[in-house]
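What follows is a short report on a single structure.
Residue numbers count from 1 along this sequence.
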Amino acid sequence: MQQLYLTGSHAGEIAARLFTTLNVRPVGCRLLPFEVGGETRGEALRLLLPPAQPRFNDVPCRIRLSADRWTAVPAVLEEIAAPSLLAALDVHAPMLLDGLCADVLACPGLREAVRTCLMSRRPVVVTAAPDAVDFLRTLTPADTQLWLSVPDDAPGQAALLETLVTEAALRF
């Protein structure tokens, strides 16, 4: 199945609008920023289906070390994210993988779980950071990928959303 990949600074917003427009609740995950003292200090893993107990949801998975340097938390990616994504394949729903970046995909367990999800018969929408694009392109055959860049302007985003609704309706 050809999966949808979105890039650009508004990719996560457009993906969320796509699922809202289609009135579909996805499974999968999002990487959401968290703040300390009013400043972004990292990203937390938000699973769209809560993980099995005793694991937690909304666990920091990337820590911002400085203005231009981040590090991933391998235990969160290996022990919570990867098994939760694989378990989500058992749910009959499209999948959202929102905010994938290179340092997260460098984790072998998560990378393999993402590849398994992308190669499944489940439709997947991926939002990718610029540093993850080349990495993601190598995970699956090129003919299983449809890459779309989200424009910065509102009219361009609206036009892209129309295209995405059509593309997603064929998959969902």
Side-chain angles (χ1 to χ4, degrees), residues 1-16 18-19 26-36 39-52 54-91 93-150 171:
M1 169 177 287
Q2 193 177 45
Q3 308 295 10
L4 299 174
Y5 295 79
L6 303 176
T7 61
S9 59
H10 300 283
E13 298 164 36
I14 293 298
L18 170 65
F19 284 102
V27 297
C29 68
R30 300 184 72 202
L31 299 185
L32 299 174
F34 68 85
E35 294 182 356
V36 175
E39 305 255 347
T40 299
R41 293 297 185 227
E43 292 179 330
L45 173 70
R46 173 71 172 151
L47 296 166
L48 302 178
L49 289 177
R55 295 180 179 100
F56 295 125
N57 203 359
D58 301 323
V59 177
C61 65
R62 291 183 74 218
I63 307 299
R64 190 172 188 187
L65 301 174
S66 66
D68 59 350
R69 191 162 165 244
W70 295 72
T71 189
V73 182
V76 172
L77 301 173
E78 295 276 346
E79 297 174 28
I80 299 175
S84 295
L85 290 180
L86 294 174
L89 287 174
D90 294 333
V91 177
M95 182 172 279
L96 172 63
L97 302 175
D98 184 21
L100 295 183
C101 51
D103 59 346
V104 167
L105 291 169
C107 174
L110 182 68
R111 181 176 58 247
E112 184 57 28
V114 167
R115 190 193 70 70
T116 299
C117 293
L118 292 171
M119 292 302 295
S120 74
R121 297 194 50 78
R122 183 84 47 235
V124 181
V125 176
V126 175
T127 69
D131 67 353
V133 171
D134 290 338
F135 211 152
L136 285 165
R137 287 185 187 273
T138 65
L139 283 183
T140 60
D143 64 343
T144 65
Q145 305 172 26
L146 177 58
W147 288 85
L148 300 163
S149 179
V150 176
R171 292 161 173 79

Check [X] against [Y] and note the closest heavy-atom contact, atom names and distance.
| X | Y | value |
| --- | --- | --- |
| L47 | C29 | CD2-CB, 3.9 Å |
| G109 | E78 | N-OE2, 2.9 Å |
| P60 | V76 | O-CG2, 3.3 Å |
| L4 | R171 | CD2-CZ, 3.8 Å |
| A132 | A128 | CB-CB, 4.5 Å |
| A44 | F34 | N-CD2, 3.8 Å |

- [ ] Taking atom CZ of F56 as the centre, report whether more than 12 heavy atoms of other residues, nucleotides or ligands fall under 6.0 Å from it.
- [x] no
How many angstroms lie between atom [atom1] of [X] and atom [atom2] of [Y], to the nearest 0.5 angstrom?
| X | Y | atom1 | atom2 | value |
| --- | --- | --- | --- | --- |
| C61 | L45 | SG | CG | 5.0 Å |
| I80 | N57 | CD1 | CG | 8.5 Å |
| L89 | R121 | CG | CZ | 13.0 Å |
| E35 | T40 | CD | OG1 | 5.0 Å |
| L148 | Y5 | CG | OH | 12.0 Å |

- [ ] Return the set of residues passing side chain to side chain contact (heavy atoms under 4.5 Å, CB included) with V150 (not counting sequence neighbours), or none when no residue passes.
- [x] L6, H10, A11, I14, Q157, L160
TODO: Can you sort out the partners of S149 under side chain to side chain contact (heavy atoms under 4.5 Å, CB included), two or more places apart, ordered by chain and number?
DONE: T7
Can you give the donor-acceptor pairs under 3.5 Å from side chains of residues 110-119 to other protein atoms, not counting sequence neighbours?
from: R111; atom 1: NH1; to: L105; atom 2: O; distance (Å): 3.0
from: R111; atom 1: NH1; to: A106; atom 2: O; distance (Å): 3.2
from: E112; atom 1: OE1; to: R115; atom 2: NE; distance (Å): 3.4
from: E112; atom 1: OE2; to: R115; atom 2: NE; distance (Å): 3.4
from: E112; atom 1: OE2; to: R115; atom 2: NH2; distance (Å): 2.8
from: T116; atom 1: OG1; to: E112; atom 2: O; distance (Å): 2.9

Task: L139, T140, V126, L136 screened by side-chain contact (heavy atoms from CB on, under 4.5 Å) with Q145, the one that passes - done: T140
- [ ] Using salt bridge (Lys or Arg N to Asp or Glu O under 4.0 Å) as the criterion, list what pairs up with D58, not counting sequence neighbours.
- [x] R46
Side-chain donor-acceptor contacts of residues 93-102 below 3.5 Å, not counting sequence neighbours, with atom names and distances?
from: D98; atom 1: OD1; to: T127; atom 2: OG1; distance (Å): 2.4
from: D98; atom 1: OD2; to: R30; atom 2: NE; distance (Å): 2.8
from: D98; atom 1: OD2; to: R30; atom 2: NH2; distance (Å): 3.2

TODO: Return yes if some donor-acceptor pair links the side-chain N/O of E43 with the main-chain N/O of L31 below 3.5 Å, else return no.
DONE: no
Open item on the list: Has R55 got a side-chain atom pairing as donor or acceptor with E79's backbone, closer than 3.5 angstrom?
Closed with: yes
Task: Q3: partners by side chain to side chain donor-acceptor pair (under 3.5 Å), with sequence neighbours left out - done: none
- [ ] Evaluate the side-chain contact (heavy atoms from CB on, under 4.5 Å) criterion for residues R137 and W147: first the C-alpha distance (whole Å), next the side-chain angles of each, then the deciding distance (0.1 Å), finally the verdict.
- [x] CA-CA 9 Å; R137 287 185 187 273; W147 288 85; 3.4 Å; yes
